[in-house]
Visitor: 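First the structure, then my questions, so here it is.
Per chain, numbering begins at 1; letters A, B, ... match sequence-line order. Just so we're clear, the structure is a prediction, and the values are computed from it rather than from any experiment.
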Protein chains: 2
Amino acid sequence: MQSPAKRYKWALACLKKSKSRLTHPRKIILCALAVHKLPVSLHVLGEELSGECNLVTIYRTMHYLQEAGVVRQVKLTARCTSFVLAAPGEHCDYLVCDQCGAISDLPDAQPILELEKQIAARSGFRALHHEAEFYGICLDCQSAAR
Amino acid sequence: MQSPAKRYKWALACLKKSKSRLTHPRKIILCALAVHKLPVSLHVLGEELSGECNLVTIYRTMHYLQEAGVVRQVKLTARCTSFVLAAPGEHCDYLVCDQCGAISDLPDAQPILELEKQIAARSGFRALHHEAEFYGICLDCQSAAR
DNA sequence: ATACTTGCAAAAGCTTTGCAACCTT
DNA sequence: AAGGTTGCAAAGCTTTTGCAAGTAT
C-alpha cells in the first residue's frame, strides 16, 4: 500500500462498502489524502481544494470518513487537527520538529504496537488503538540556530 | 514525587528559579495542578478556579509555565487542551476511553522511553520528548453497552 | 422520486490581544 | 518606584449547525 493510486483505490472501495454516495467533494478529498502520505491539516486541505469544495464540507466529510474507518485523526499541534488515510500497514507514529513543524514518519515503531497488545490484555479495553508523537529540534533548525 | 504537597513544593521551587513573581493566581493554579495527577483541561481548571482567577489568566499562565518547564501540554482530544505538572519521574502516557473519556495513566511505558532514545540517536533531533495516548473502550462502557 | 449531500450564512467554542489598573519585588 | 501581572472587553480562529437547493442512486 504505497502508491497514491493504490491508496486512492483502497479509500474508494472503503467508501463504497459504507453505502455512501460518491460525490465530487468526497472523491477529491480522498484523492488529496491519497497523495499526502503524512497527515494534512484541515486548513491546508481547505486551501488545496479551494474552489473545488467548501471548508464546511471538508469538516463534515472528515467526520464521516473517520466513522467509516477510512481516515485517522492526528493531533500534532493544539491548534489544528490533521488527518491521514487509514490504509492498512501504514505507520501511525510521527516525528515532529518543535521549531519548524516539519513532519516525518517513524520507520520502526514496532515496540509501540507490542505495548498496545500488552495494554489491551492488562486493561481489558477493547478496540485499542493509539497515537504517538515524538517532538524535538530537527537538524536543519539546529544548524540554522548557529 | 507522589503527594500533592510535594508536587506543589516542586512546582513553586521551579517557578522561583525562573524569576517570576509569586502571585495569587499562579499559586492556586499550581495548587490545582498538584492535586490532579492526571491531565486537566483548561475548561475544568477554569471552573475549579472560577472566582479565584480569570480564564484569560489561566491561559496566559499555562503558556508561561510551559515555557518554564513546569507543566506539559497533553492533547487528549481535538477540542480541548489539557495540562499536567511536569514533575520528574512521572508518567507521560495515557489510556483514554473513547466513549466516556475516562483517563488513566500507564504504569509501564518503558518501551516508549527506549524508543525515544533510539529515535534521538538515529534522527539527530535534539531535546527529544514525546506524547503517547492509547484509546479504546473501557470495561465499564463495555458492560454498559450490553 | 427519495433521501443523502452540499453551500451559504450564522452561531458557537476556544484562544489570543490591547490596555488600563494593580501588585510583587 | 518600576515593571511584571491581572481583568475586562473585544477580536481572531477553528469547528459546528440550520436550512434551502442540488444530486447520486
Visitor: Among the candidates D:dT5, C:dT6, D:dC8, find the nucleotide nearest to the side-chain atoms of B:Ser20.
Guide: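 Among D:dT5, C:dT6, D:dC8, the one nearest the side chain of B:Ser20 is D:dT5.
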Visitor: Could you list all the side-chain hydrogen bond (donor to acceptor under 3.5 Å, both in side chains) pairs where at least one residue sits in residues 134-143 of chain B, not counting sequence neighbours?
Guide: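 Every pair satisfying side-chain hydrogen bond (donor to acceptor under 3.5 Å, both in side chains) with a residue in residues 134-143 of chain B: A:Lys75-B:Tyr135.
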Visitor: Considering residues at least two apart in sequence or located in another chain, which fulfil the side chain to side chain donor-acceptor pair (under 3.5 Å) criterion with B:Glu133?
Guide: none
Visitor: What is the distance, to the nearest angstrom, from the CD1 atom on A:Ile29 to the P atom on C:dT5?
Guide: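 Taking atom P of C:dT5 as the reference, CD1 of A:Ile29 is at 12 Å.
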Visitor: When you compare the protein's N or O atoms with those of nucleotides 11-15 of chain D, which come within less than 3.5 Å of each other, and at what distance?
Guide:
unit_1: D:dT15; atom_1: OP1; unit_2: A:Thr81; atom_2: OG1; d: 2.8
unit_1: D:dT15; atom_1: OP2; unit_2: A:Tyr59; atom_2: OH; d: 2.1
unit_1: D:dT15; atom_1: O5'; unit_2: A:Tyr59; atom_2: OH; d: 3.3
unit_1: D:dT15; atom_1: O3'; unit_2: B:Arg79; atom_2: NH1; d: 3.2

Visitor: For A:Ser82, enumerate each residue passing the side-chain contact (heavy atoms from CB on, under 4.5 Å) test, keeping only those at least two apart in sequence or located in another chain.
Guide: A:Pro39, A:Ser41, A:Leu76
Visitor: Using the test side-chain contact (heavy atoms from CB on, under 4.5 Å), find all partners of A:Thr23 that sit at least two apart in sequence or belong to another chain.
Guide: A:Arg21, A:Pro25, A:Arg26
Visitor: Rounded to whole Å, please give me the gap between OH in A:Tyr64 and C1' in C:dA3.
Guide: 13 Å
Visitor: For B:His36 and B:Glu48, test the side chains for any donor-to-acceptor distance below 3.5 angstrom and give the result as yes or no.
Guide: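 Result is yes, a qualifying pair exists.
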Visitor: Produce a footprint string for nucleotides 18-24 of chain D: one letter per nucleotide, 5' end first; B if the base is under 4.0 Å from any protein heavy atom, S if only the sugar-phosphate is, - if neither.
Guide: B----BB
Visitor: Measure the distance from NZ on B:Lys16 to P on C:dT24 and round it to the nearest whole Å.
Guide: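 Taking atom P of C:dT24 as the reference, NZ of B:Lys16 is at 15 Å.
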Visitor: Which residues end up grouped with B:Val56 if you chain together Ile, Leu, Val, Met, Phe, Trp and Tyr wherever their side-chain heavy atoms are less than 4.5 Å apart?
Guide: none
Visitor: Using side-chain contact (heavy atoms from CB on, under 4.5 Å) as the criterion, list what pairs up with A:Tyr59, not counting sequence neighbours.
Guide: A:Leu42, A:Leu55
Visitor: Under the side chain to side chain donor-acceptor pair (under 3.5 Å) rule, collect the residues that match up with B:Glu52, sequence neighbours excluded.
Guide: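 Per chain and number, B:Glu52 pairs via side chain to side chain donor-acceptor pair (under 3.5 Å) with B:His24.
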Visitor: If you look only at distance, which donor and acceptor atoms sit under 3.5 Å apart when one is on a side chain in residues 109-120 of chain B and the other is two or more places apart or in another chain?
Guide:
unit_1: B:Glu116; atom_1: OE1; unit_2: B:His130; atom_2: ND1; d: 2.4
unit_1: B:Gln118; atom_1: OE1; unit_2: B:Arg122; atom_2: NH2; d: 3.2

Visitor: Tell me: NZ of A:Lys19 to C1' of D:dT25, nearest whole Å?
Guide: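 Taking atom C1' of D:dT25 as the reference, NZ of A:Lys19 is at 14 Å.
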Visitor: Let me have DNA chain D in dot-bracket notation, would you? Count Watson-Crick plus G-U wobble pairs, both distances under 3.5 Å, and use [ ] for pairs crossing earlier ones and | for inter-strand partners.
Guide: |||||||||||||||||||||||||
Visitor: Residues two or more places apart in sequence or in another chain: which of them pass side chain to side chain donor-acceptor pair (under 3.5 Å) with B:Asp98?
Guide: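 B:Asp98: side chain to side chain donor-acceptor pair (under 3.5 Å) contacts with A:His129.
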Visitor: What is the distance, to the nearest angstrom, from the CZ atom on B:Arg26 to the P atom on C:dT25?
Guide: 10 Å
Visitor: Restricting to non-hydrogen atoms, name the atom on A:Ile29 and the atom on A:Leu49 that form the minimum distance, rounded to 0.1 Å.
Guide: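 Reported closest heavy-atom pair: CG1-CD1, 3.7 Å.
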Visitor: Taking 4.0 Å as the cut-off, does a side-chain nitrogen or oxygen of B:Thr57 come that near to OP1 or OP2 on D:dG7?
Guide: yes
Visitor: Return the value, rounded to whole Å, for the distance between atom CD1 of A:Ile58 and atom P of C:dG7.
Guide: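 That distance rounds to 9 Å.
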